[in-house]
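Read the structure below first, then the notes.
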Amino acid sequence: MIRFDQVTKRYADGTTAVDDLSFEVAEGELVTLVGPSGCGKTTTMMMVNRLIEPTSGRIFVDGEDIATIDPVRLRRRIGYVIQQVGLFPHRTILDNTATVPALIGWKKPKARARAAELLDLVGLDPKTYGGRYPEQLSGGQRQRVGVARALAADPPVLLMDEPFGAVDPVVREQLQDEFLRMQAAVRKTVLLVTHDIEEAVRLGDRIAVYGQGRIEQFDTPGAVLGKPATPYVAEFVGADRGLKRLSVTAVEAADLEQPAVVGIDESAAQAAARLRQEGARWAVVLDGQGDLHGWVGVDEVALAGAGGRVGELAHRMNAWVPVGAPLKQAFGVMLQHDAGWVAVLDGSRFLGVLTPAKLHEALRRSVDADALGVGRDEVDFDSVADA
Ligand SMILES: Nc1ncnc2c1ncn2[C@@H]1O[C@H](COP(=O)(O)OP(=O)(O)OP(=O)(O)O)[C@@H](O)[C@H]1O
């Protein structure tokens, strides 16, 4: 969808900002460009909407060489979000958001209706905020308007230059989450510049780690963190890259252990006998549909006496995460509840539990799979004990 073919940018003073760059962003993919200040990220991005012209090489958008497209026409197909947002101070939020649709000739009611829809999408109630002026919004809200405005004409491509850079870390994380949710729905082809490796791995389907004017590694977040291609990349991603990997590796059904299970309607005596036989100290309690009801300790069911039912004895299970959640979230829940495992659910259906050992295995396997380019279940790995 966006393709760089041997692109070089040399400024008039002789600075080579981008040096023989070739890479591709697939349709619907979000690629983050990350690197230290002055490494050529912004130059790379601004060549895509022709705010900067390359010295040599070619750039394609949707298969078309952009050198052959009129820059104004090109920019209407490309949403652009920048850190300073650049809202018009004397226009309302609704009209700011409707800028591009109005420019490309939409009638005012249609442009405004679309703007209201977009404000809603980025979490701003158009009734509350649409009539305000930019100075009447917080920094984070202005940034959301910037994203809404860039999406208003439904461009297939989005360029984002430090879009969440001007807000504090808490708001920033919120905006990133909202943006990811939105991107899952709209699936734009996105090139996003950041100097923050945390942001790059959080948002990117793939990351391009820049050295001076060149990409040092272009890969999935898991692979960049797990197998940095060069010492430069290793240093850039940081010594705590193992920890960072927790946030980019998802809990999968294959990672889970199957603990002892008892039915909600089972008699306590029967459950106790069975759990003792299995050598279990506790069990997960499920209802007839396989949904999670809670958990019980074997001693509790054993003491319940005749006529006791498992369902009456079960404790609420607070330590759980949805399948697909990042390992970091699972680990956080484990620590929060001081639990040795967390339950993993698909909707309300119980899939299994994640233990610290399984979490470690999942981390290792995800890196091996990324490096080999194969599905995770095809990867053979040593157990932690054998390693
Ligand atoms: N108009 C210009 N003339 C000369 N050199 C320039 C010009 N614009 C940028 N540069 C230089 O090109 C290099 C790349 O700049 P660029 O803005 O692309 O970097 P960046 O990675 O986006 O940096 P930052 O994270 O600080 O924004 C830098 O050395 C910069 O000084």
Side-chain angles (χ1 to χ4, degrees), residues 2-25 30-61 66-67 71 74-75 78-86 139 142-143 146-147 150 157-169 171-173 175-176 179 189-219 221 224 228-238 244:
I2 305 176
R3 185 157 68 85
F4 280 73
D5 184 14
Q6 297 187 299
V7 174
T8 293
K9 173 63 188 179
R10 212 165 284 117
Y11 285 108
D13 65 356
T15 307
T16 303
V18 169
D19 189 9
D20 196 26
L21 193 68
S22 296
F23 74 99
E24 198 170 319
V25 186
L30 196 166
V31 167
T32 50
L33 307 182
V34 65
S37 183
C39 65
K41 308 180 294 290
T42 298
T43 301
T44 303
M45 170 162 290
M46 289 171 86
M47 286 191 289
V48 179
N49 58 7
R50 296 191 61 187
L51 289 171
I52 295 176
E53 296 291 348
T55 310
S56 63
R58 296 199 298 170
I59 300 167
F60 299 85
V61 169
I66 60 165
L74 174 72
R75 280 170 214 150
I78 299 178
Y80 191 36
V81 186
I82 52 172
Q83 184 176 336
Q84 299 78 11
V85 190
R142 276 200 290 269
Q143 219 114 27
V147 173
V157 174
L158 209 52
L159 303 179
M160 308 181 85
D161 197 346
E162 301 270 4
F164 313 121
V167 291
D168 66 68
V171 175
R172 187 173 186 157
E173 211 163 293
L175 289 177
Q176 290 169 345
F179 179 67
T189 304
V190 186
L191 200 54
L192 184 147
V193 162
T194 177
H195 63 270
D196 176 7
I197 182 69
E198 303 268 359
E199 179 161 277
V201 299
R202 202 139 185 261
L203 298 181
D205 296 313
R206 286 190 294 167
I207 326 177
V209 182
Y210 268 60
Q212 274 317 314
R214 288 176 159 273
I215 293 178
E216 296 267 333
Q217 187 168 7
F218 186 42
D219 217 327
V224 170
T230 62
Y232 169 88
V233 175
E235 185 171 339
F236 185 75
V237 298
K244 290 187 179 113

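On a predicted model such as this, the values are computed, not experimentally measured, just so you know. Remember, it's 1-based here, ligands and their atoms both numbered in the order they're listed.
Ring orientation note: the planes of F23 and F218 are nearly perpendicular, at an angle over 60° on the 30°/60° scale.
Between L21 and T44 the shortest side-chain heavy-atom distance falls below 4.5 Å. Between I78 and V48 there is a side-chain heavy-atom pair separated by less than 4.5 Å.
Annotation: ligand 1 has protein neighbours Y11, D13, T15, A17, P36, S37, G38, C39, G40, K41, T42, T43, each with a heavy atom less than 4.0 angstrom from the ligand.
Qualifying salt bridge (Lys or Arg N to Asp or Glu O under 4.0 Å) partners for E24, counting only residues two or more places apart in sequence or in other chains: none.
Of the N and O atoms on the side chains of D161 and T42, at least one donor lies less than 3.5 Å from an acceptor on the other residue.
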Quiz item: Would Y11 and T16 count as a side chain to side chain donor-acceptor pair (under 3.5 Å) if you check the C-alpha gap in whole Å, the side-chain angles of each, and the deciding distance to 0.1 Å?
Solution: CA-CA 6 Å; Y11 285 108; T16 303; over 6 Å; no
